[in-house]
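Right, one structure below, let's go through it.
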Amino acid sequence: GVPMAVGQDDVSDGKGWLLEEVIVTAQKREEKLIDVPISIAAIGEELIKDADIQNMNDLSYIVPNLSIVERSSGNQIISIRGIGNGIGSSPLVGIYLDEVPVSIVQGLTMDLQAIDLQRLEVLRGPQGTLFGQGSVGGTIRFISNGPSFDTYEGEIGVSAYNTKDGDWSKNLTAIANLPVIDNTLAFRVAAIYKDNGGWIDQPASNTEDANDNELSNIRIKGLWQASDQLTVNLMALRYRNDAGSYSTTNVGSVTDSNYQVVPVNGLDLPSTDLTNDYDLYNLVLDYDLDFANLTSSSSKFDGKNTSSSSSLLLNLALPPILNIPPETVFGAFEADLSKQINGFSQEIRLSANSEALDWVVGVFYTDVDEDVESGTSGLYIDGSPFGPVSMGTKSTRSSESVAFFGNLSYQISDQLVMAIGTRYFENEKTSKTLPFEIVSENFYNLSSKVSLSYEMTDKANLYFSISEGFRSGGFNFGSETTYEPESVLSYEIGAKALLLDGRLSTDGAIFYSQYSDYQNNS
């Protein structure tokens with residue numbers, strides 16, 4: 001089923017409660033949900049509030065075929081229809097905030113907050129033609145409310161709750177719409193602060209509720225109607241998240257949420273400190289050319305993910321010739337990891353629609369730099385320091401890509417519509433891991449999609465599609481060995497309908513996907 005917005009008609013006419021017509025932009029133009037030949041979950045603003053969806057993890061509880069493994073606050077593995085893993089060159093599910101692609105680097109998740117949203121869209125299946133790399137399994141789109149010229153308005157929300165056998169959590173939200181110049185300039189601010197209590201204990205370090213976290217998120221949007229043809233949208237977002245520990249425990253009883261460790265000679269282990277911070281900036285120019293709309297979206301993003309932890313390595317089977325007792329316990333103390341990403345993306349597209357023909361063409365460019373540092377500051381034997389030891393690695397990776405894409409929909413008859421889309425992608429990647437030399441590799445891909453949709457009635461639609469998804473190749477860590485791009489070919493047949501005089505919405509699909517060159521550990 002597809003969650004849809006609900007509105008109340010005048011009950012005096014006998015209609016009662018009806019489902020409203022939902023408009024989505026899954027194909028980068030406004031269309032009725034029932035007409036789009038894609039399996040989509042479209043969640044409106046009221047349902048987001050009623051279901052208390054606060055972030056990506058909450059979204060998985062109400063959207064079929066979407067699953068999320070949260071390794072720590074803001075660090076997630078997202079899967080749609082079973083496609084998604086934490087290994088490989090990039091995420092398998094594309095994440096967008098308005099016009100900004102935020103699923104750029106594997107292992108650095110930008111934890112989007114569901115505050116002041118107009119709509120959430122979950123597009124199932126490969127979306128390689130219009131959303132490109134990172135959309136092998138599908139695409140999740142956070143579409144936020146924009147500034148309004150109409151009136152000053154604001155909203156403040158406070159909530160608190162307690163987790164059984166855990167700690168208290170507190171949330172504070174604030175939203176404000178600020179018109180400045182009539183029909184010309186307006187701003188909108190949405191902010192949230194969360195102090196989330198944990199529920200996982202670490203007995204070895206005498207720590208309770210270790211997986212707590214504290215985050216702040218503020219988004220500022222500006223709207224300037226420069227002329228009748230030109231609209232300028234600006235967005236700036238700042239996110240900060242400090243977490244106490246990972247949200248996972250070792251294998252054991254489902255009723256026991258403790259980390260099971262073996263402290264040696266009073267050594268208090270383990271302990272962990274995690275941070276996940278990012279800043280986003282986006283400028284969108286939209287110009288009406290009469291025959292088409294010209295859109296330019298420029299984005300800059302800076303993110304940093306760090307972890308500082310203590311860990312313990314248990315008994316090792318040592319050969320007797322080393323003259324070391326076999327029960328000796330070796331340990332590594334203070335393992336640090338820091339990952340920083342800086343990137344820029346630019347998309348320019350031209351889109352038009354007419355009675356029989358809708359089309360979109362565009363170009364998309366990204367330039368991303370990723371710096372990773374890891375180190376171990378000391379060694380222990382039987383819980384006692386064993387000399388000052390410092391080991392570490394530093395790697396720098398860059399990825400520069402350009403893609404040309406197009407999508408065409410042609411209305412063959414009043415009921416039958418055919419759509420064809422394609423995307424050509426080039427990616428140059430460079431890797432430098434000390435003390436290895438710099439290596440560079442180019443990857444290429446051409447992915448396409450074709451679909452047919454048949455309007456059985458004005459409230460029922462049948463569609464069939466064949467689509468390709470892909471993600472680029474990459475380098476194995478600490479070596480010059482590369483691995484090839486990954487691809488998937490998916491076949492889908494589905495139907496959408498509004499039944500019972502518009503009171504029931506149904507959406508069903510059957511799909512088959514075939515993988516090639518799946519990226520995973522070997």
- A26 versus I40, closest heavy-atom pair with distance: CB-CD1, 3.6 Å

- Can you tell me how far CD of E347 sits from OG of S297, rounded to the nearest 0.5 angstrom? 6.5 Å

- Message: Testing T139, V93, L123 one by one against I80 for a side-chain contact (heavy atoms from CB on, under 4.5 Å), which residue passes?
- Response: V93

- Message: Looking at every non-hydrogen atom in both residues, tell me the closest pair between V180 and F187 and how far apart they are.
- Response: CG2-CD1, 3.7 Å

- Message: Please determine whether a side-chain nitrogen of the Lys or Arg among D367 and K300 lies less than 4.0 Å from a carboxylate oxygen of the Asp or Glu.
- Response: no

- Item | Check: N213/N241 side-chain N/O donor and acceptor closer than 3.5 Å | yes

- Query: What pair of heavy atoms forms the shortest contact from F443 to G474, and how long is it?
  - Reply: CZ-N, 3.6 Å

- Task: Work out which heavy atom in F149 is nearest to a heavy atom in T184; give both atom names and the distance.
- Result: CE2-C, 3.5 Å

- If every non-hydrogen atom of P126 is compared with every non-hydrogen atom of K449, which pair is closest and at what distance? O-NZ, 4.5 Å

- Any donor-acceptor pair under 3.5 Å from R188 side chain to L223 backbone: no

- Query: According to the interplanar angle, ranging from 0 to 90°, do the rings of Y278 and Y239 count as parallel (below 30°), tilted (30 to 60°) or perpendicular (above 60°)?
  - Reply: parallel

- How close do T366 and S345 get, heavy atom to heavy atom, and via which atoms? CG2-CB, 3.8 Å

- Among S472, S89, S401, S90, which one satisfies side chain to side chain donor-acceptor pair (under 3.5 Å) with N427? S472

- Query: Are S144 and D98 close enough that a side-chain donor and a side-chain acceptor fall under 3.5 Å?
  - Reply: yes

- Does K28 count as lying over the ring of F131, i.e. NZ or CZ under 6.0 Å from the six-ring centre, within 45 degrees of the axis? yes

- Message: I'd like to know if the side chain of E486 reaches the main chain of Q519, judged simply by a donor and an acceptor atom lying under 3.5 Å from each other, with no hydrogens or angles considered.
- Response: yes

- Message: Check this for me: D228, atom CG, are more than 12 non-hydrogen atoms of other residues, nucleotides or ligands nearer than 6.0 Å?
- Response: no

- Determine yes or no for a side-chain-to-main-chain donor-acceptor pair under 3.5 angstrom, with N57 supplying the side chain and S60 the backbone. no

- Query: Looking only at side chains, do D358 and Q27 share a donor and an acceptor under 3.5 Å apart?
  - Reply: no

- How long is the gap from OG1 on T173 to CD on E155, to the nearest 0.5 Å? 6.0 Å

- Query: Between the main-chain N or O of G197 and the side-chain N or O of S169, is there a donor-acceptor pair closer than 3.5 Å?
  - Reply: yes

- Is the number of heavy atoms from other residues, nucleotides or ligands within 6.0 Å of OH (Y515) greater than 12? yes

- Item | Flag, side chain of R81 to backbone of F511, donor-acceptor distance under 3.5 Å | no

- Message: To the nearest 0.5 Å, what is the distance between CD1 on I34 and OG on S505?
- Response: 7.5 Å

- Query: Do W224 and L230 pass the side-chain contact (heavy atoms from CB on, under 4.5 Å) test, and can you show the C-alpha distance, the side-chain angles, and the key distance before you say yes or no?
  - Reply: CA-CA 9 Å; W224 177 33; L230 178 61; 5.8 Å; no

- Donor-acceptor under 3.5 Å (D286 side chain, T231 main chain): no

- Atom pair CG/CG of D277 and D111 - distance to nearest 0.5 Å: 11.5 Å

- Query: So, does T422 use its side chain to make a donor-acceptor pair with the main chain of S447 at under 3.5 Å?
  - Reply: yes

- Message: Surrounding CD1 of I510 (heavy atoms of other residues, nucleotides or ligands, distance under 6.0 Å), is the total greater than 12?
- Response: no

- Item | Side chains of Y491 and Q514, donor plus acceptor under 3.5 Å | no

- Polar side chain donor-acceptor pair, Y454 to Q415, under 3.5 angstrom: yes

- Message: Tell me whether K429 contacts the main-chain N or O of G473 through its side chain, where contact means a donor paired with an acceptor under 3.5 Å.
- Response: yes

- Item | Separation between CG of L120 and CD1 of I62, rounded to the nearest 0.5 Å | 8.0 Å

- Item | Any side-chain heavy-atom pair of T25 and R119 under 4.5 Å | yes

- Task: Determine, stepwise, if the pair K194 / N217 fulfils side-chain contact (heavy atoms from CB on, under 4.5 Å).
- Result: CA-CA 9 Å; K194 294 182 179 181; N217 185 100; over 6 Å; no

- Query: Any sub-3.5 Å donor-acceptor pair from K496's side-chain atoms to V36's backbone N or O?
  - Reply: yes

- Task: Carefully, step by step, assess I95 and M56 under the rule side-chain contact (heavy atoms from CB on, under 4.5 Å).
- Result: CA-CA 10 Å; I95 311 295; M56 191 84 67; 3.6 Å; yes

- Message: Could you check whether any side-chain N or O of E99 sits under 3.5 Å from a backbone N or O of N282, counting only pairs where one atom can act as donor and the other as acceptor?
- Response: no

- Are S467 and S490 close enough that a side-chain donor and a side-chain acceptor fall under 3.5 Å? no

- Message: Under 3.5 Å, is there a donor on one side chain and an acceptor on the other for S296 and Q346?
- Response: yes

- Could you tell me whether Y410 atom OH has more than 12 heavy atoms of other residues or ligands within 6.0 Å of it? no

